[in-house]
Amino acid sequence: MLNSVLIGIARHARFIPEPLLRGLFACTADVCWLLGIGGVRQLERNLRHVLGTNQTNGNLMSQRHVRRISRRGMRSYFSYFSEAMTVGARSEQQLHARVRGDGPGLQSLIAYVHDSTGSAPLALGHQGNWDYAGFWAHHDLAPVTAVAERLSDRKLLDAFVHIRELLGIRVVLTGQKGLTAQLKDSLGKPNVLVALLADRDLSRHGEFVEAFGSIIRVARGPAILALDTGLPLYVANVFREPLHGDRRRQAGSRYGYVCRIEGPVDIERYRSLPREQAIRAISQDWVDVWSAQIARHPEDWHMLQPIFLEDLDPSRLSDVPQDILARIKTAAV
C-alpha cells in the first residue's frame, strides 16, 4: 500500500501542493510515532545507544528524551520521502537553495575532485536527505556514482532510480557480480565521486566496528575502495537546518540541508597491516568521524532497522571475528 502511494506521488508530483504533502507526511509520522509502528521501536532502541541512555535504568527523563528525539526522527524520515518523491516538481533554483556544503574537509575535496582531476570514494549514512546531497555534489563537486539497494518492489526501485537520475546521480544497484570492480573502474576516471551509504551492511559480510558504546556492522566498500585504489576517503553527514531570508524564499521551504564533509581519512598508516586488519582499521576510522556527527544530529539518522550487536541474530551472522564472537557469548551469559 505505502509503496503504491509513494510511486503515485512520484508520478504526479507536479500536481500536488508541497505544503499539503509535507503536512500529510508529518501527520503520518506522528501517527506512527504515537502507535509505535513503522519501525519506531527499533529507532528508539538505536537512539538509546546514540544518546547514551539505558532502556532499563528507570530514568523517566531519559525515556522522555528518547521519545522526543524519536518523534523528530520520524518526522525527518517522512520528510525525506516527501522531498524525494517530489524531486520532479522542484526547480534547480529550489534544489540549490535547499542544500549546501560545509565542513573541515570540504575545501580539500573541492581541490581534489573539482579543481583538479582526482576522484574519491565518499562514505555516508542514512541521514537527512542524501538525494539532495547527491544533487549538490554533482553540481558543486563532481559527477556522482551511488550504490543503491536493489528493492524487491521493481516499480518502487525504478521510481527511486529515476529520481536520482533526475538529480544527476548515476545509480549502480547492489546484488550484482563485479560491483566492486565497477566502482573501481568509475574511480579510475577523472572527476568522479563514488558515494556509499555504508552505515548498514546489506551483504551479511560487513565489517564490525565500535560505535556509540557498542558494535555495529558497516559495509566494507569505503575501506576496500580506498585501500585498493589509493584514493583519499572522505566522510559525509547530512542534516537539516532552518532556512531564512532570500534562501528560504528561493528554496520554497522552511528547512534545508547541510552536507558536512570531513577527511580525508589517513589510510597510509595501515598499508603495512594484513589486508583484513587494514580494512577493519580504515572502517573504524571513518565510522569514528561519521558517528560524531550522528551524535550531534540524532534526529536526522533514519535507522529504523536493527544495527547494533545486541539486536542482531548471532545465528545469521557470517565472517564474525573471534573478538566479536567473544563479546556475543559474554552478552548471552
Side-chain angles (χ1 to χ4, degrees), residues 101-125 127 130 133-134 137 140-147 172 178-201 203 205-212 215-238 259-296 319-324:
D102 198 2
L106 178 58
Q107 293 306 314
S108 167
L109 184 56
I110 290 174
Y112 191 74
V113 302
H114 185 274
D115 297 341
S116 184
T117 59
S119 295
L122 182 70
L124 67 162
Q127 184 188 19
W130 49 91
D140 286 22
L141 297 177
V144 175
T145 294
V147 177
V172 179
L179 176 59
T180 301
Q182 285 189 52
L183 298 178
K184 289 179 182 178
D185 182 63
S186 294
L187 288 169
K189 301 172 183 177
N191 306 108
V192 174
L193 269 180
V194 170
L196 302 169
L197 288 172
D199 57 344
R200 181 167 64 94
D201 175 57
S203 70
H205 300 282
E207 204 63 45
F208 288 95
V209 294
E210 296 184 6
F212 310 113
I215 300 291
I216 64 175
R217 196 171 204 179
V218 298
R220 288 159 58 91
I224 289 175
L225 291 178
L227 183 65
D228 289 354
T229 65
L231 296 173
L233 173 60
Y234 288 84
V235 183
N237 288 85
V238 187
C259 185
R260 178 183 171 88
I261 304 294
E262 296 190 62
V265 173
D266 180 11
I267 65 170
E268 293 305 316
R269 54 181 172 158
Y270 301 125
R271 289 203 175 277
S272 61
L273 296 177
R275 178 176 175 80
E276 290 303 313
Q277 290 184 29
I279 291 171
R280 188 173 183 182
I282 295 169
S283 297
Q284 185 64 65
D285 273 7
W286 78 253
V287 167
D288 287 344
V289 174
W290 164 83
S291 60
Q293 293 303 315
I294 293 294
R296 289 177 178 270
D319 303 332
V320 184
Q322 290 299 316
D323 60 321
I324 302 299

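All values below come from the heavy atoms of this structure, side chains included, with hydrogens, waters and symmetry mates left out.
Closest approach of Gly221 to Leu196, counting heavy atoms only: C-CD1, 3.7 Å. Here the closest heavy-atom approach between residue Gln284 and residue Glu210 is recorded as OE1-N, 2.8 Å. Shortest non-hydrogen contact noted between Ala236 and Trp290 is O-CD1, 4.1 Å. Of all the heavy atoms in Ala198 and Val218, the pair that sits closest is O-CB, 3.2 Å. Heavy-atom minimum distance, Leu106 versus Gly101: CD2-C, 3.6 Å. Shown here for Ser108 and Pro264, the closest heavy-atom pair between the two residues is OG-CD, 3.9 Å.
Side chain of Arg217 to main chain of Gly206: a donor-acceptor pair is present (N/O by atom type, distance under 3.5 Å, no hydrogens or angles). Using modelled atom types, no side-chain atom of Glu262 and backbone atom of Gly105 make a donor-acceptor pair closer than 3.5 Å. Between the side chain of Asp102 and the backbone N or O of Cys259 there is no donor-acceptor pair closer than 3.5 Å. Judged by distance alone, with hydrogens and angles left aside, the side-chain atoms of Arg200 form no donor-acceptor pair with the main-chain N or O of Gly125 at under 3.5 Å. One N or O on the side chain of Ser291 and one on the backbone of Asp288 form a donor-acceptor pair closer than 3.5 Å.
Put simply, the side chain of Arg280 does not reach to within 4.5 Å of the side chain of Leu273, judged on heavy atoms.
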Report the C-alpha separation of Ile267 and Asp285 in whole Å, then their side-chain angles, then the decisive distance to 0.1 Å, and conclude whether the side-chain contact (heavy atoms from CB on, under 4.5 Å) test is met. CA-CA 9 Å; Ile267 65 170; Asp285 273 7; over 6 Å; no
I would like to know whether Val265 and Val235 meet side-chain contact (heavy atoms from CB on, under 4.5 Å); could you show each step before the answer? CA-CA 8 Å; Val265 173; Val235 183; 4.1 Å; yes
Please evaluate residues Val209 and Ile216 with respect to the criterion side-chain contact (heavy atoms from CB on, under 4.5 Å), reporting the C-alpha separation (whole Å), side-chain torsions for both, the decisive distance (0.1 Å), and the verdict. CA-CA 6 Å; Val209 294; Ile216 64 175; 3.8 Å; yes
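Of the inter-residue distances, the one linking Ile110 atom CD1 with Asp140 atom CG reads 7.0 Å to the nearest 0.5 angstrom. Taken from OG in Ser283 to CG in Asp201, the straight-line distance is 10.0 Å, to the nearest 0.5 Å. Taken to the nearest 0.5 Å, the CG atom of Leu187 stands 8.0 Å off from the OG1 atom of Thr145. Remark: Gln293 CD to Leu124 CG distance equals 13.0 Å, nearest 0.5 Å. One distance of note links CG of Asn191 with CG of Leu141; it measures 10.5 Å at 0.5 Å rounding. With values rounded to the nearest 0.5 angstrom, Trp286 atom CH2 is found 8.5 Å from Leu233 atom CG.
Checked options Leu193, Leu231, Val192; the residue passing with Pro121 is Leu231 (criterion: side chain to side chain contact (heavy atoms under 4.5 Å, CB included)).
Shown here are the salt bridge (Lys or Arg N to Asp or Glu O under 4.0 Å) partners of Arg296, two or more places apart in sequence or in another chain: there are none.
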